[in-house]
Protein chains: 2
Amino acid sequence: MATIKEVAKYANVSVATVSRVINKKGYVQKETQTKVEEAIKALNYRPNNVARSLFKKQSKMIGYIVPDITNPFFPQLVRAVEDVTVAQGYTTFLCNSDDNLEKELMYLNKMAENYIDGVIIVSNHMNESHLANLQIPVVALDRVFHESIPSVTIDNYQEARRAVMHLVENGCEKIAHISGPENIINSQLRKKAYQDVMMALERPVYISEGHYQMKTAQEATFRLLHEQKDIDAIFTGNDVMAVGALKACTKLGINVPKELQIIGFDGIEWTETVSPEITTIAQPIYEMGKKAATMLLNRINGKEEGQDHIVFPTELKIRETTTH
Amino acid sequence: MATIKEVAKYANVSVATVSRVINKKGYVQKETQTKVEEAIKALNYRPNNVARSLFKKQSKMIGYIVPDITNPFFPQLVRAVEDVTVAQGYTTFLCNSDDNLEKELMYLNKMAENYIDGVIIVSNHMNESHLANLQIPVVALDRVFHESIPSVTIDNYQEARRAVMHLVENGCEKIAHISGPENIINSQLRKKAYQDVMMALERPVYISEGHYQMKTAQEATFRLLHEQKDIDAIFTGNDVMAVGALKACTKLGINVPKELQIIGFDGIEWTETVSPEITTIAQPIYEMGKKAATMLLNRINGKEEGQDHIVFPTELKIRETTTH
DNA sequence: CTGTTAGCGCATTCAC
DNA sequence: GTGAATGCGCTAACAG
C-alpha cells in the first residue's frame with residue numbers, strides 16, 4: 001500500500017497538498033490537483049484509515065452489541081442499520097454479547113479503544129451507569145436504558161395487551177401464555193399485559209415458561225395442554241415460541257386455529273415460513289433499525305442532541321393461526 | 001481516555017516502561033511493575049488500539065464478507081467464526097455484499113485501509129485475481145476461488161447426488177428439481193447432480209427456477225405441479241426453497257411425504273421449525289466456520305501456509321418430508 | 001532493568 | 001496556493 005508521502009513525491013508536491021485533494025479541503029490549483037490525482041491512480045493509493053482515525057479520533061465505524069446474531073430477530077435489525085450507515089461511509093463492528101453484561105462491557109471497551117464513532121445497543125442488563133464514562137454516542141434499541149440515553153422501542157405492554165385482546169375478540173375462552181425469561185424486562189411486560197387482561201376479565205391464568213426458545217416452548221405447550229385440556233388459545237411472549245407452540249399442536253393433532261388459536265410477538269420471518277402462518281404483533285424491525293441509525297448518525301455529526309425516545313407502533317398481522 | 005504518557009507521568013516512569021508492562025514484554029522490575037499497574041488502575045487507562053494498529057500494521061480485527069446476514073445460512077456461520085476468533089482477542093468487522101462484486105471489492109479496500117488482519121469470504125463472483133493485490137490472509141468459505149486460496153467447502157455435486165438418490169431409494173418415480181440462481185456455481189452443481197442422476201436412470205427431468213427464495217420456490221412448485229400433476233418428489237437447491245415447496249404442497253392439500261416427498265439442502269434451522277420437518281443434506285455449518293477461523297488464525301500467526309482445501313462431509317438428516 | 005528517540009500515515013496549523 | 005513542521009498514542013530499537 002502506497003502512502004501519502006509516496007504520492008507526494010510522485011506528484012512533486014507536499015503531503016499537505018495531497019491531503020488537501022484527498023479531503024477536498026482547502027485551496028489547490030486545478031493543475032496540481034490533476035497531477036495529484038494522476039499520482040494517486042498511478043500508485044493505486046488509498047488513504048490509510050487507521051492513521052486517519054488516530055489523528056481525528058474517529059474511525060468511521062459503527063458498533064453493534066446484540067445478544068446473538070443467531071436469534072432471527074437481529075439479522076434484520078443489523079441489516080437495516082447497516083443499510084443507512086454504509087451509505088454514509090461507515091462500516092460495521094459487530095459484537096455478540098450472549099446477553100452477558102461482562103461481555104457487553106468488554107466490547108464497549110474495545111470500541112473505545114478503536115475510536116468507534118457510535119454504538120447501537122440491544123441489551124437487557126445494561127444501564128446508564130455502564131455508559132457514563134463512555135464518550136461515544138449511543139442509541140438503545142428494543143429497550144429503554146435511562147431517560148438520558150436515546151432509544152427506539154415499542155410499547156411492549158400495550159401491544160401485548162392488544163395481542164391478548166385479539167384472542168378475546170375472537171371468542172377464545174381459556175387463554176394461556178407462554179412466557180419468556182424472567183430477567184428480560186420486555187418479556188415481563190408482555191406477561192404482565194396478559195395477566196392484567198385476564199384479571200380484568202376475570203378469566204383464569206395459565207402460564208408456562210418457554211425461555212424465548214422454540215424447543216422449550218414446545219415442551220411448555222405440551223405441559224400446558226396436558227394439565228388443562230380445554231385451552232383454546234395461546235399468546236406466546238415471542239414468535240420463536242409461537243413456532244414451538246404450533247409444532248406442539250401439530251404433533252398433538254390439534255387443529256389450529258379451529259380448536260386452538262395462537263398469536264406471537266415480534267414479526268420475524270419464521271411466522272411466515274410455517275403452516276399455518278402465524279398471527280403476530282409485528283414490530284417494524286427494519287424501520288426501527290433505520291430510525292436508530294439515523295438518530296445515531298445525527299448525534300455523531302452533532303446535528304442532534306438530547307434524549308429522544310421513539311416508540312414505534314406495531315402492526316397486528318392477522319394470518320392463519322387466528323380466526324379473524 | 002488516558003494515554004500512555006499520562007500513565008508514565010503518574011507512575012514516574014517512561015512510556016517505554018509502561019508499554020513493557022502492558023505487553024508483558026521485556027524486563028521490568030517487580031516494584032516498578034506494580035507502580036505502573038497502580039497508575040493504570042488509577043487513571044483507568046486502556047491502550048489505544050488505533051495507535052497500536054498504526055504501528056504494528058495489524059488491528060486484531062477479522063473481516064467477514066457475506067452476501068446477506070439476513071439469509072438464515074450466515075448468522076450461524078458468522079457466529080461460529082466469531083466464537084473462535086474472540087477467544088484470541090479478535091473483533092469482528094462485518095460486511096454484507098449482496099452478492100455484488102463491486103461491493104465486495106469496496107469492502108476489501110476498506111479492510112486494507114483498516115489493517116484488518118484476515119478475511120473470511122463467502123462470495124460467488126470473486127476470484128483469485130481480485131485478491132492478488134491484497135496483502136491480507138484470506139479463507140474462502142462455501143466455494144473454492146482458486147487453488148491458491150485456502151477454502152472450506154462441501155462437495156456440492158456429490159452431496160446433491162446423494163439427496164436425489166435418497167428420493168430414488170424411497171421409491172419416488174417422478175422427481176422434480178427447484179433450482180437456484182444460474183450465476184451461483186454451487187446452485188449449478190446441485191442442479192447438474194440432479195440432471196445426471198435422472199439421465200443415468202432414464203427418468204424425465206422437471207426443473208423450475210426458484211432463485212434460492214421461499215416465495216419464488218413456492219410459485220415454482222405451483223407451476224411444476226400444475227404442469228405435471230404426478231410428480232411425487234422434489235429436490236430443492238437449498239432449504240429456503242424447500243420451505244417454499246412445502247408451503248405450496250400444504251396449500252394444495254398434498255400430503256407430504258405420502259403423496260410427495262421433499263428434500264432440501266444446507267441444514268438451516270428453518271427445516272426444523274416447519275411441520276413436517278424437512279429432510280435435508282445438512283452442512284456442518286458450525287464446524288465449517290470453526291475450521292475456517294482456525295485456518296485463518298494460523299495463517300495470520302504465520303503458523304501455517306500453503307493452500308489447504310478442506311472439504312467437509314455432510315449429513316443426510318432424514319426427517320418428516322421423506323418416508324425413510 | 002529503564003529511558004530517549006524515531007517513526008507508523010495522516011491532517012492541520014502556520015509560514016511563505 | 002503550497003510546503004514544513006507538529007503531533008495523534010503507541011512500539012521497538014538503541015543507549016545507558
Side-chain angles (χ1 to χ4, degrees), chain A residues 1-37 39-40 43-61 89 109-117 135-136, chain B residues 1-37 39-40 43-61 89 109-117 135-136:
Chain A
M1 282 239 307
T3 72
I4 198 172
K5 223 169 168 176
E6 300 177 83
V7 175
K9 194 191 293 182
Y10 189 100
N12 265 320
V13 296
S14 74
V15 293
T17 305
V18 178
S19 178
R20 285 193 190 95
V21 343
I22 294 169
N23 300 298
K24 303 184 208 308
K25 240 182 197 173
Y27 295 94
V28 42
Q29 221 155 17
K30 198 142 199 192
E31 246 178 76
T32 53
Q33 179 176 335
T34 49
K35 219 168 44 172
V36 170
E37 279 166 353
I40 289 178
L43 298 176
N44 191 26
Y45 169 75
R46 317 230 79 227
N48 181 314
N49 192 53
V50 176
R52 189 179 272 178
S53 299
L54 181 58
F55 183 89
K56 307 200 24 159
K57 294 181 191 307
Q58 33 174 341
S59 60
K60 279 284 184 179
M61 299 201 284
N109 274 328
K110 290 242 186 219
M111 292 189 188
E113 290 167 23
N114 282 289
Y115 285 147
I116 297 288
D117 295 342
Q135 302 296 341
I136 311 172
Chain B
M1 283 239 308
T3 71
I4 198 171
K5 224 168 166 175
E6 302 176 82
V7 176
K9 194 191 293 181
Y10 188 100
N12 266 320
V13 297
S14 74
V15 294
T17 305
V18 178
S19 178
R20 285 191 191 97
V21 342
I22 294 168
N23 299 297
K24 303 183 208 305
K25 240 182 196 172
Y27 296 93
V28 41
Q29 220 155 19
K30 198 142 200 192
E31 248 178 76
T32 52
Q33 178 175 336
T34 48
K35 218 167 44 175
V36 170
E37 279 165 354
I40 289 178
L43 298 177
N44 192 25
Y45 168 77
R46 314 232 80 225
N48 181 315
N49 192 52
V50 176
R52 190 178 269 176
S53 299
L54 180 60
F55 184 89
K56 308 200 24 160
K57 295 181 191 308
Q58 33 174 344
S59 60
K60 279 284 183 177
M61 299 200 284
N109 274 328
K110 290 243 185 217
M111 292 189 188
E113 290 166 22
N114 283 288
Y115 286 145
I116 298 287
D117 295 342
Q135 302 295 342
I136 310 172

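Given the structure is predicted, the values throughout are model-derived calculations rather than measurements. Proteins come first, then strands; the chains are lettered A, B, ... in the order of their sequence lines, and each starts at number 1.
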* To do: May I have the distance from Leu43(B) (atom CG) to dG9(D) (atom C1'), rounded to whole angstrom?
  => 15 Å

* Interatomic distance, Lys9(A) atom NZ to Ile4(A) atom CD1 [nearest 0.5 angstrom] -> 14.0 Å

* Structure fact -> CG of Asn114(B) to OG of Ser53(A), rounded to nearest 0.5 Å, is 6.5 Å

* Supply the atom-to-atom distance Met111(A) CE to Asn49(B) CG, rounded to the nearest 0.5 angstrom. => 13.0 Å

* Please lay out, stage by stage, how Val36(A) and Val28(A) fare under the test side-chain contact (heavy atoms from CB on, under 4.5 Å). => CA-CA 10 Å; Val36(A) 170; Val28(A) 42; over 6 Å; no

* Structure fact -> Value for CG (Asn109(B)) from CE (Met1(A)), rounded to nearest 0.5 Å, stands at 9.0 Å

* Asked: To the nearest 10 degrees, what angle separates the axes at the start and end of the helix from dC1(C)-dG16(D) to dC16(C)-dG1(D), five pairs each?
  -> 50°

* Asked: Just how far, in rounded Å, is C1' of dG9(C) from CD1 of Ile4(A)?
  -> 8 Å

* Asked: Within this structure, what is the NZ-to-P distance between Lys9(A) and dT2(D), rounded to whole angstrom?
  -> 21 Å

Under 3.5 Å, N/O pairs linking protein and nucleotides 5-8 of chain C:
residue: dC8(C); atom: O3'; partner: Lys57(B); partner atom: NZ; Å: 2.8

* Base, sugar-phosphate, or nothing: which does Thr32(A) touch, judged by heavy atoms less than 4.0 Å apart? -> sugar-phosphate

* Between Arg52(B) (CZ) and dC8(D) (C1'), how many Å, whole number? -> 16 Å

* Asked: Side chain of Ser14(A): nearest nucleotide among dA4(D), dG9(D), dG3(C)?
  -> dA4(D)

* Separation between CD of Gln33(A) and NZ of Lys24(A), rounded to the nearest 0.5 Å -> 7.5 Å

* Asked: Looking for any heavy atom pair under 4.0 Å, which part of the strands does Val50(A) touch: base, sugar-phosphate only, or nothing?
  -> nothing

* Asked: Tell me: CZ of Arg46(B) to C1' of dC10(D), nearest whole Å?
  -> 15 Å

* Asked: Is the backbone of Val15(B) close enough, under 3.5 Å, to the side chain of Ser19(B) for a donor and an acceptor to pair up by distance?
  -> no

* From CA spacing to verdict: side-chain contact (heavy atoms from CB on, under 4.5 Å), Arg52(B), Asn23(B) -> CA-CA 11 Å; Arg52(B) 190 178 269 176; Asn23(B) 299 297; 3.4 Å; yes

* To the nearest angstrom, how far is Asn12(A) atom CG from dA4(D) atom P? -> 12 Å

* To do: Could you pull out the closest heavy-atom pair between Ile116(A) and Met61(A), with the gap in Å?
  => CG2-O, 3.4 Å

* Between Asn48(A) and Thr3(A), is there a donor-acceptor pair closer than 3.5 Å when you use the side chain of the first and the backbone of the second? -> no

* Asked: Whole-Å distance between dC10(C) C1' and Glu6(A) CD?
  -> 14 Å

* Between dC1(C) (P) and Glu31(B) (CD): distance, integer Å -> 12 Å

* To do: Within residues 17-28 of chain A, find the residues that approach DNA chain D with a heavy atom at under 4.0 Å, and present them sorted by residue number.
  => Thr17(A), Arg20(A), Tyr27(A), Val28(A)

* Would a distance-only check, ignoring hydrogens and angles, find a side-chain to backbone donor-acceptor pair under 3.5 Å from Ser59(B) to Tyr115(B)? -> yes

